[in-house]
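Reading through the structure tokens given below for one structure.
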Amino acid sequence: MGSYGNLARRVVATDMPIMVQMQELLRGATNCVSLAQGVVYWQPPKQALDKVKELVWDPSISRYGVDDGLPELRAALVKKLRCENNLHKSSVMVTAGANQAFVNLVLTLCDAGDSVVMFAPYYFNAYMSFQMTGITNILVGPGSPETLHPDADWLEKILSESKPVPKLVTVVNPGNPSGTYIPQSLLKRISDLCQNAGSWLLVDNTYEYFMYDGLKHSCVEGNHVVNIFSFSKAYGMMGWRVGYIAYPSEVEGFATQLLKVQDNIPICASIISQHLALHSLEMGPEWVTERVNTLVKNREIVLEALAPLGEGSVKGGEGAIYLWAKLPGGHGYEDFEVVRWLANRHGVAVIPGSACGSPGNLRISFGGLTENDCKAAAERLKKGLEELVTNGLVQDH
Ligand SMILES: Cc1ncc(COP(=O)(O)O)c(C=O)c1O
């Protein structure tokens with residue numbers, strides 16, 4: 001006992017979080033600016049923060065709350081789901097962020113040994129959640145080479161040919177790491193394919209408000225569909241840890257089984273955080289979209305910085321806070337090496353595509369910096385990419 005060999009095989013076989021790997025990649029890089037982490041630069045609404053400041057002494061804040069969330073928050077979310085997301089038959093469970101919502105659902109819907117489907121480039125935490133819950137058969141489908149949209153023809157084939165049928169299919173809309181938005185017709189087709197095959201569809205809507213160029217985010221509903229949402233990015237509440245699950249009210253037993261998982265992980269999401277979420281929600285979606293609109297400029301700045309990679313190399317960015325860039329081929333170096341080099345030589349951090357199942361690419365986040373800081377970071381990135389394209393990974397100074 002007490003040796004590495006006695007640790008659970010499930011967790012040992014799980015990928016190392018990329019944010020932990022980044023610490024190693026960035027070791028030695030001084031004064032490095034980040035276009036890596038998926039965060040936003042703003043804080044929660046001031047009015048909401050002021051209100052929770054007054055609440056901290058209330059004894060209810062320090063007690064456990066109802067497992068599935070403060071009743072007033074759940075009621076407000078049910079209303080929001082109806083009005084904004086066109087979800088009319090969904091019940092709500094509040095979680096400690098969308099990541100915990102995802103793990104809750106994997107534990108509620110899948111057994112160890114089941115097969116599941118996701119699409120490359122995928123959200124690394126979703127992949128790891130499958131790995132650590134004993135799902136070893138993770139089928140990773142392709143995205144369209146032009147748009148990165150999940151390939152529904154491939155899905156149709158996989159769902160009809162795989163025995164047993166994959167238990168769950170998951171997509172992120174708009175996507176992390178690509179920022180690709182899934183058009184309503186494609187989402188509906190994916191949903192229909194899942195329904196016909198008897199698979200669950202889990203849609204991660206963390207970036208629902210982060211849409212650009214007049215595009216509109218939409219959701220699908222059905223007794224085979226579960227949607228997850230997050231307060232983290234929309235309201236600048238990353239550290240407060242609040243997300244939620246919208247699950248089909250009509251599916252017998254869903255609420256009861258989900259509650260078992262919830263009661264054994266957080267019991268309930270932090271009570272003070274739930275109050276902040278409720279008061280933030282009262283600000284309305286306009287509060288969020290006003291801030292999201294400021295990111296249009298950031299996206300333009302980063303797009304310009306990626307120009308040295310050449311036409312057609314940059315994809316996504318229709319939504320979320322990410323652009324997805326293909327590295328020049330034929331040099332034999334890996335995306336991890338490029339990330340280390342950019343950080344050390346040019347002082348700018350980005351995420352290697354390998355972490356998302358697509359080596360040879362980079363994920364660049366444009367949400368975490370104000371316009372001026374973004375400009376400074378983008379300048380470094382541009383300089384680095386120009387050097388990469390012309391001279392490769394030169395090391396001399
Ligand atoms: C697609 C996606 N889902 C979930 C999360 C995690 O969100 P939360 O902070 O609500 O756990 C993130 C955060 O980057 C994300 O990009």
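These values consider heavy atoms only, across backbone and side chains, with no hydrogens, waters or symmetry-generated copies.
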Please evaluate residues Trp287 and Tyr235 with respect to the criterion ring pair (Phe, Tyr, Trp, His ring centres under 6.0 Å), reporting the C-alpha separation (whole Å), side-chain torsions for both, the decisive distance (0.1 Å), and the verdict. CA-CA 8 Å; Trp287 187 93; Tyr235 292 97; 5.8 Å; yes
Residues in side chain to side chain donor-acceptor pair (under 3.5 Å) with Lys80, at least two apart? Asn85, Glu208, Tyr244
Around atom [atom1] of [X], are there more than 12 heavy atoms of other residues, nucleotides or ligands at under 6.0 Å?
X	atom1	answer
Gln43	CD	no
Met16	CE	no
Gln184	CD	no

Would you please name every residue forming a salt bridge (charged side-chain N to carboxylate O under 4.0 Å, His left out) with Lys260, sequence neighbours left out? none
Would [X] and [Y] count as having a side-chain donor-acceptor pair, cut-off 3.5 Å?
X	Y	value
Arg241	Asn99	no
Asp335	Ser354	yes
Tyr207	Ser230	no
Asn372	Thr370	no

Thinking salt bridges, do [X] and [Y] make one under a 4.0 Å N-O criterion?
X	Y	result
Glu304	Lys382	yes
Lys157	Asp153	no
Arg345	Glu387	yes
Glu379	Lys383	no
Arg299	Asp213	yes

First locate atom OG1 of Thr133, then atom CZ of Phe102, and finally report the distance between them rounded to the nearest 0.5 Å. 8.5 Å
